[in-house]
Amino acid sequence: MTTQTEQSYVSVDERRAKGEHAAKRTPVSSQAEWRPTADRPDPVELLVAQDATREADLVPVRHGRMMVSPFTFYRGAAKVMAADLAGTPTAGLNVQLCGDAHLSNFGGFASPERQLIFGLNDFDETLPGPFEYDLKRMAASFTIAARNNGFSPADAGAVTAESVKAYRSAMAEFAAMRTLDIWYARISEQDIQDELRAAQEEAARAAGSKPGKGKGGRKKQATKGGRAEDTDLARSIKAANKALRKAHTRDSLQALARFAEVVDGRYRIVSQPPVVVPLRELDGAWGLSADQIRGVVEDQFRAYQSSLSADRRLLLEKISIVDVARKVVGVGSVGTRAFMVLLEGRDSGDPLFLQVKEATRSVLEEHLPKSRFHTPGQRVVEGQRLMQSASDIFLGWTKGLQDDRFYYWRQLRDMKVSAVVEGMTPFGMTVYARWCGWTLAHAHARSGDPVAIAEYLGTGKGFDRAITEFSARYADQNSRDHETFVKAVAAGRIDAIEGV
C-alpha cells in the first residue's frame with residue numbers, strides 16, 4: 001500500500017481508469033473460478049502445523065470445536081483458505097485486509113463515546129492485500145452458514161449474493177463521498193433499529209394488500225408462504241432486539257458477576273477449567289511459579305501502557321491489577337495464549353477486565369508480503385485502528401517474555417455482542433448480510449481506493465454472481481475438508497475434546 005510520504009495527487013478520472021483497466025485485465029467473471037489444485041496441501045496438515053506453537057492441552061479443545069459442523073470448521077480454517085486464495089484471480093487493488101472476515105467476526109461493540117456500533121471485531125490475521133480475499137472469505141461464510149442452518153440452495157445463494165451486493169453498493173456510495181465522510185461513516189444502533197422498523201412496516205403494508213377482495217369480489221386468502229415469511233420476520237426482529245439489549249449489559253460489572261467471586265474480602269477470578277484457569281492454578285506453567293507469572297504480568301502491563309497515548313496511560317495509572325487467568329477464546333484462536341486480567345480502580349465496585357491475546361504471524365504472510373510492523377501485536381492493533389470506524393481506547397500491544405511471543409491488549413467486554421448465526425432465518429441472515437457487506441466495504445474504503453474498486457465492481461450483477469458461484473464451490477470444498485478432518489480424529493491422527 002502507498003505510504004503518506006509516497007502519495008501524490010491522482011484525479012478521480014485517473015482512479016476510475018485504474019478500475020476500468022483492472023476490469024479488462026481481470027474480468028469480474030473470472031472471480032467465480034476456483035478448484036483445488038493437484039498439489040493442494042492437506043488441510044489437516046496445515047492445521048496441525050498451526051498447533052505446534054499452541055498450548056498442548058488446549059489443542060484438542062480447538063479440534064473438538066472445529067468438528068461440530070462445516071461452519072465451525074470454516075471458522076477455524078483461515079490458514080486453509082489463505083492457501084487456497086493465493087492462486088485466485090485478483091484485480092490488483094489492495095486494501096488493509098481483516099484476513100478472517102467470516103460472518104461471525106462481525107458484531108456490536110461500544111465506541112469511545114459509549115454508543116453501540118456494528119463492525120468487524122477480529123483482526124488477528126490483518127494484513128494489506130487484494131480486497132477479494134476478504135470478500136470471498138465473507139461471502140463463502142454466508143453460503144456455509146446458510147447450508148448449516150438448513151436453507152434451500154436458492155435461499156443460500158440469495159443470502160450470499162445479498163452480502164456481495166451490499167459490498168458493491170456501499171463501495172459505490174463511498175466512491176462518491178468526501179474523504180472525511182468515509183472515515184466517519186458507521187452503522188449505529190439507531191441505524192439497525194431503523195432498518196428493522198422499516199422491514200416491519202414493509203411487511204405490514206404487504207400483509208394489508210393480501211386480505212380483501214380479489215377479482216370477482218372473492219376474498220383473498222393469506223398464503224402459507226406468506227405466513228412463514230411473517231414468522232421469519234418476527235423471529236429475526238425479536239432476535240436482533242434481544243441482541244441489542246444484551247449488548248448494553250455486557251460491561252466489566254457484568255463480567256465481574258460472571259467471572260469473579262469474593263474470597264477474604266477480595267475479588268478473584270473463578271476457576272472454570274479448561275476454559276478459565278486462574279493464576280493461582282498456573283504454578284509451574286511455562287517453567288514459572290505463580291509469583292513469577294504475576295511479576296511477568298505486572299511488567300507486561302507497564303510495557304503495554306507505553307503503546308498507548310499519554311491520556312490513556314494516565315488513566316491506567318489509576319487502575320491496578322487484582323487477578324489474572326488463562327481464558328480460552330473463539331474457535332480458530334483456541335490454543336494460542338490468551339488471558340483475562342481483572343483490574344480495580346476506585347474500589348471493588350470499579351472493575352475493568354482486559355483481555356491479553358497472543359498475536360502470531362498472519363496466515364496471509366505465507367502468500368503476501370510480510371507485515372511492515374516489527375511485532376505481530378502491533379500489526380493487529382494498527383490494522384484494527386485502520387479498519388474500524390471506532391476502536392477500543394485500551395487497544396495496545398506488548399512483546400512477551402519469550403522472544404517468539406507477542407500480544408495485544410483490549411477490553412474483555414465493552415458492549416461486545418455477536419449474532420447467533422446458527423439461529424438465523426433466511427430473512428434475518430439476509431439483513432445481517434447487508435450489514436456485513438456494508439461494513440467490509442467501509443473498512444476497505446478507509447484504507448484502499450473506493451473509486452477504483454467501485455469502478456472495477458461495476459453497476460450490474462455480474463460481480464455478485466461470480467462471487468456467489470465461487471462461494472458455492474468453496475463451500476463444497478469446505479464440507480469435504482470438514483469430513484477429512486473428522487475422519488482424522490476418528491483415526492487417531494489428531495486428538496479432539498468435544499463439548500468444551
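None of these values were measured; they are calculated from a predicted model. For reference, positions follow the sequence shown, starting with 1. Values reported hereafter were calculated over all heavy atoms of this structure, with side chains retained and with hydrogens, waters and symmetry mates removed.
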(message) Under a plain distance cut-off of 3.5 Å, with no hydrogens placed, do D122 and H102 share a side-chain donor-acceptor pair?
(response) no

(request) Look only at the side chain of S471 and the backbone of I467, and say whether a donor-acceptor pair between them is shorter than 3.5 Å. (result) yes

(message) With rounding to the nearest 0.5 angstrom, report the OG to CG distance, S479 to D481.
(response) 9.0 Å

(message) With no hydrogens and no angle check, just 3.5 Å: does a side-chain donor-acceptor pair link T468 and T160?
(response) no

(message) With a 4.5 Å cut-off on side-chain heavy atoms, are V421 and M429 touching?
(response) yes

(message) Does either side chain, that of Y267 or that of D323, offer a donor lying less than 3.5 Å from an acceptor on the other one?
(response) no

(request) State whether R147 and D476 are salt-bridged, where the test is any N-O pair (Lys NZ or Arg NE/NH1/NH2 against Asp/Glu carboxylate O) under 4.0 Å. (result) yes

(request) Check whether more than 12 heavy atoms from other residues, nucleotides or ligands sit under 6.0 Å from atom CG of D311, and answer yes or no. (result) yes

(message) Is the distance from the ring center of H482 to that of Y74 below 6.0 Å?
(response) no

(request) Would you tell me whether Q411 and K416 have side-chain atoms, one donor and one acceptor, within less than 3.5 Å of each other? (result) no

(request) Verify whether one side chain among Q31 and E132 offers a donor that lies under 3.5 Å from an acceptor in the other. (result) yes

(message) Nearest 0.5 angstrom please: I117 CD1 to I187 CD1, how far?
(response) 10.0 Å

(request) Please say whether more than 12 non-hydrogen atoms of neighbouring residues, nucleotides or ligands are located less than 6.0 Å from CZ in R35. (result) no

(request) Decide, yes or no, whether a salt bridge links K399 with D403 under the criterion of side-chain N to carboxylate O below 4.0 Å. (result) yes

(request) Any chance you could lay out the side chain to side chain contact (heavy atoms under 4.5 Å, CB included) test for F73 and V486, step after step, and finish with the verdict? (result) CA-CA 10 Å; F73 175 83; V486 171; over 6 Å; no

(message) Does either side chain, that of R62 or that of Q50, offer a donor lying less than 3.5 Å from an acceptor on the other one?
(response) yes

(message) With a 3.5 Å distance limit and no angle check, can you tell me whether S391 reaches the backbone of Q388 through a side-chain donor-acceptor pair?
(response) no

(request) Given side chain to side chain contact (heavy atoms under 4.5 Å, CB included), test R266 with E344 step by step and report yes or no. (result) CA-CA 11 Å; R266 296 283 294 173; E344 185 178 291; 3.6 Å; yes

(message) So which atom in R413 and which in A255 form the shortest heavy-atom distance, rounded to 0.1 Å?
(response) CD-CB, 4.1 Å

(request) Enter the distance from F485:CZ to D42:CG here, rounded to the nearest 0.5 Å. (result) 11.0 Å

(request) Heavy atoms only: give me the nearest M171-A445 pair and the separation to one decimal. (result) SD-CB, 4.1 Å

(request) Apply salt bridge (charged side-chain N to carboxylate O under 4.0 Å, His left out) to the pair E125 and R379, showing each step before the final yes or no. (result) CA-CA 9 Å; E125 311 299 345; R379 172 185 59 77; 5.3 Å; no

(message) Could you check whether Y432 and F118 have their ring centres less than 6.0 Å apart?
(response) yes

(request) Determine whether M340 and I269 make a side-chain contact, defined as any pair of heavy atoms from C-beta on separated by less than 4.5 Å. (result) yes

(message) Looking at D100, is its backbone amide N or carbonyl O close enough to the side chain of N105 to form a donor-acceptor pair, meaning the two atoms are under 3.5 Å apart?
(response) yes

(request) Mark yes or no for whether Y456, through its side chain, and T26, through its backbone, hold a donor-acceptor pair below 3.5 Å. (result) yes

(message) Using only atom types and a distance under 3.5 Å, with no angle test, would you say the side chain of N94 pairs donor to acceptor with the backbone of P128?
(response) no

(request) Find the distance between CZ (R54) and OG1 (T360) and round it off to the nearest 0.5 Å. (result) 6.5 Å

(request) Using modelled atom types only, decide if a donor and an acceptor are shared between the side chain of R65 and the backbone of G330 within a distance under 3.5 Å. (result) yes

(request) Evaluate the side-chain proximity of V356 to V341: yes if any heavy-atom separation is below 4.5 Å, no if none is. (result) yes

(request) Taking the side chain as every heavy atom from C-beta outward, state whether K327 and Q355 have any atom pair closer than 4.5 Å. (result) no

(request) Indicate whether the side chain of T126 and that of Q96 have a donor and an acceptor atom separated by less than 3.5 Å. (result) yes

(request) Please name the residue in the list K79, R361, K357 that meets the salt bridge (Lys or Arg N to Asp or Glu O under 4.0 Å) test with D124. (result) K357

(request) Report yes if the side chains of L364 and L97 come closer than 4.5 Å at any heavy-atom pair, otherwise no. (result) yes

(request) List the steps, then state whether salt bridge (charged side-chain N to carboxylate O under 4.0 Å, His left out) holds for E483 with K487. (result) CA-CA 6 Å; E483 184 178 353; K487 287 180 178 177; 3.3 Å; yes

(message) Would the distance check show the side chain of S362 and the main-chain N or O of L127 forming a donor-acceptor pair, the cut-off being under 3.5 Å?
(response) no

(request) Compute the ring centroids of Y474 and W34, then answer whether they are less than 6.0 Å apart. (result) yes

(message) For Q378 and T375, which I'm curious about, is there any donor-acceptor pair between the side chains at under 3.5 Å?
(response) no

(request) For residues S30 and P89, report the shortest heavy-atom separation together with the two atoms involved. (result) O-CG, 3.4 Å

(request) Give the C-alpha distance, both sets of side-chain angles, the deciding distance and a yes or no for side chain to side chain contact (heavy atoms under 4.5 Å, CB included) between I293 and R326. (result) CA-CA 11 Å; I293 296 174; R326 187 184 75 173; over 6 Å; no

(request) Return the minimal non-hydrogen interatomic distance between R385 and R446, and the atom names on each side. (result) O-NH2, 3.4 Å

(message) Would the distance check show the side chain of S371 and the main-chain N or O of F373 forming a donor-acceptor pair, the cut-off being under 3.5 Å?
(response) yes

(request) Please answer whether the main-chain N or O of I182 pairs with a side-chain N or O of H442 as donor and acceptor at a distance below 3.5 Å. (result) yes

(message) For the aromatic rings, using the six-membered ring if either is Trp, is the centroid distance between W286 and F339 under 6.0 Å?
(response) yes

(message) Could you go through D264 and R268, starting from their C-alpha distance and side-chain angles, then the distance that decides it, and tell me whether this counts as salt bridge (charged side-chain N to carboxylate O under 4.0 Å, His left out)?
(response) CA-CA 10 Å; D264 297 330; R268 71 177 191 180; over 6 Å; no

(message) Looking only at the side chains, is there a donor atom on one of H444 and D134 sitting less than 3.5 Å from an acceptor on the other?
(response) yes

(message) For the residue pair E281 / S271, report whether a side-chain donor-acceptor contact shorter than 3.5 Å exists.
(response) yes

(request) For residues Q477 and P36, report the shortest heavy-atom separation together with the two atoms involved. (result) OE1-CG, 3.5 Å

(request) Please step through side chain to side chain contact (heavy atoms under 4.5 Å, CB included) for the pair R434 and E162, ending with a clear verdict. (result) CA-CA 6 Å; R434 292 183 194 129; E162 190 67 28; 3.0 Å; yes

(message) Check this for me: does any side-chain nitrogen of one of R294 and D291 sit under 4.0 Å from a carboxylate oxygen of the other?
(response) no

(message) So R372 and E382, do their side chains get closer than 4.5 Å, heavy atoms only?
(response) no

(message) Side chains of D299 and V296, heavy atoms from C-beta outward: is any pair under 4.5 Å?
(response) no

(message) For Q305 and W409, which I'm curious about, is there any donor-acceptor pair between the side chains at under 3.5 Å?
(response) no

(request) Take T249 and Q254 through the test side-chain hydrogen bond (donor to acceptor under 3.5 Å, both in side chains) and record every step on the way to the result. (result) CA-CA 7 Å; T249 69; Q254 188 264 354; 5.3 Å; no

(message) Is the distance between the ring centroids of W183 and F174 under 6.0 Å?
(response) no

(message) Has N148 got a side-chain atom pairing as donor or acceptor with P70's backbone, closer than 3.5 angstrom?
(response) no

(message) With heavy-atom distances below 4.5 Å as the criterion, would you say the side chains of T72 and S69 are in contact?
(response) yes

